[in-house]
Amino acid sequence: MITFPCLQTKLVPREMVVANSYNPNHVPKDKMELLKQSILDNGFCFPIVTIWDEEQEKYVIIDGFHRFTICQPKWLDIPEIPIVVLDHGIQKRMTATVQFNKARGVHQVDLDAEVIRGLIEQGMSEEEISVHLGIDLDTIHRYKQLTGIAELFANAPYSKAWEVEESE
Amino acid sequence: MQKYTHKYLEETVVDAARRRVAFVFDHFETIHVSISGGKDSSVLAHLAILEAQKRGRKVGLFFLDEEAMYQSTIEMVEYWMAFAPESINRLWMQIPFSLTSATSYQDSQLLCWEPGKRKEWMRQKSENNIRQKPWAEADEKLTSGYKWLDFYGAITNYERCYKGAAFLLGERAQESPNRRYSVTKHPVTIGGQKIFWGTPRGDNFTLKPIYDWQFSDVWKYHHDNGIKHSRIYDYQFLKGYNINEVRISSLIHERSFKSLCDLPEFEPKTFEKLCKRIKGVSFVQETGKAAKLFRASKLPKNFTSWIAYRDFLLETYPLPDRRPIFEKRFSKHLSNEYVARQQCRQLICNDYENNLPIDNKPDPRQELIRYYEEQL
């Protein structure tokens, strides 16, 4: 039977939540900036997934360590954070962490480029796109360039031919 | 002693290449261009097709289909085959041969177009293509040291079907020092002229008319002539690859990890098909960029030396009948950390064919350490 823990979200003080010891996921700095921007733009849409640890008397994170980090004083300083609590043993907990980390899509490069061209057509500036999508300006310039790679060499001169010669 | 020097000519690479292609048409009846869907062979195909049209002749476009390929590559090959049908002989080969795959120990050979496994193929064959080996099974010549027909074996056997033919290749000297050497290695005499950009191949010749082109020339030629290029180059460029490192490599090969890492972003459907076809593809895709594993650049934390790690990998190597290949090879090597690290890489990549050769020399770090010990 499929359950819906997402409907049981509750707010708890940030201090009640701790990281797990095994999460192999790493989020680079620029993606943290994007996460911060996303929460500013869209609000906190996805609760942090936890289990209740009887010994520590804390909620231990299964998924959402970086959303949790964003709540810290160094970032957005959110004192009460939304969590859901699962009833998983250690084994199920570890597999759940990996499932949450890996079961997600990647963006097809050319579709990403389409989105950016669409936003530009709708009048969004490159700087705004850079901030809201977490993409540097250089990449935006590449994405804007519709015509393909050969166009870049339109004005390059052809190089001189050479031959191999024998000499004594 | 004979020395070779480079002499620059008073003409562009395009004019020189046109002249060389015309020279080939002057001296050969049968002319084939090997195409790969890549940028270099596209330039050569275009030059040869124009020359054939000018003379009312035909040029063969040869493509050895590895089955597990980018969709963009297939589309490029279709583009060239349809470019000027009246001037082209379509030599698109979809025949069984084996490819080494480093993604899985169990599927270490992919037999592409394997007979009787039609349902597992990534794509179906087209009836316009050559679907049977054009040579007799009994005459088949295998590459030395191989039990199966491999990529180069397939090419060799195909070439042996001809006599006095010119096989044109889009190789460029800029690509690697090795290939630069290949431009001068075995010159041939054709029509009384010594041709350094050609090499005898059995009863035929291979010729490389665009050997002196730079990558900028290749792209400018694409632009000036309005010819298409594979979307993979644009994807790579969008991804931030340096303009001179965009290239299309095989999807299944010891060195293919980089192309596999990007595949889901470039061609998600091809990636899904490839995952179904070959074991381990998804694993390599996820870990390929994590240098630790496949490049063997960082020792796993539960080992204290590369030698110990190598012994562990050798001991636990999953295919006992292939283990002696590695043991025999490694017994000829020096015993040091530098060599052992490379041996680990071969074991991890399942490179029993020695495609990633080992630089068998004293550990350069030892020398450095000795130097500092003396100095301090």
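Numbered from 1 within each chain, the chains take letters A, B, ... in sequence-line order. Not measured: the values here are computed from a predicted model.
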query: Below 4.5 Å, heavy atoms only, C-beta onward: do W219(B) and H229(B) meet side chain to side chain?
result: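 They are in side-chain contact.
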message: Quick check with a 6.0 Å cut-off and a 45 degree axis cone: is K39(B) positioned over the face of F215(B)'s six-membered ring?
response: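 No cation-pi geometry.
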Can you tell me which of [options] forms the most heavy-atom pairs within a distance under 4.5 Å of chain A?
options	answer
E11(B), E267(B), Q214(B)	E11(B)
D212(B), T12(B), D15(B), V14(B)	D212(B)
A17(B), S216(B), A16(B)	S216(B)

- prompt: Would you call the rings of Y79(B) and F83(B) parallel, tilted or perpendicular, where under 30° means parallel and over 60° means perpendicular?
  reply: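 Geometry flag for F83(B) against Y79(B): perpendicular rings.
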- prompt: Is the shortest side-chain N to carboxylate O distance from E75(B) to K228(B) below 4.0 Å?
  reply: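 Salt bridge flag = no for K228(B) with E75(B).
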message: If the threshold is 4.0 Å, N to carboxylate O, is there a salt bridge linking R18(B) and E51(B)?
response: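 Salt bridge flag = no for E51(B) with R18(B).
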query: For V218(B), is it the side chain, the backbone, both, or neither that has a heavy atom closer than 4.5 Å to a heavy atom of chain A?
result: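 Contact with chain A is absent: no heavy atom of V218(B) under 4.5 Å.
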Contacting moiety of D217(B), where chain A heavy atoms sit under 4.5 Å: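 The answer is both parts of D217(B).
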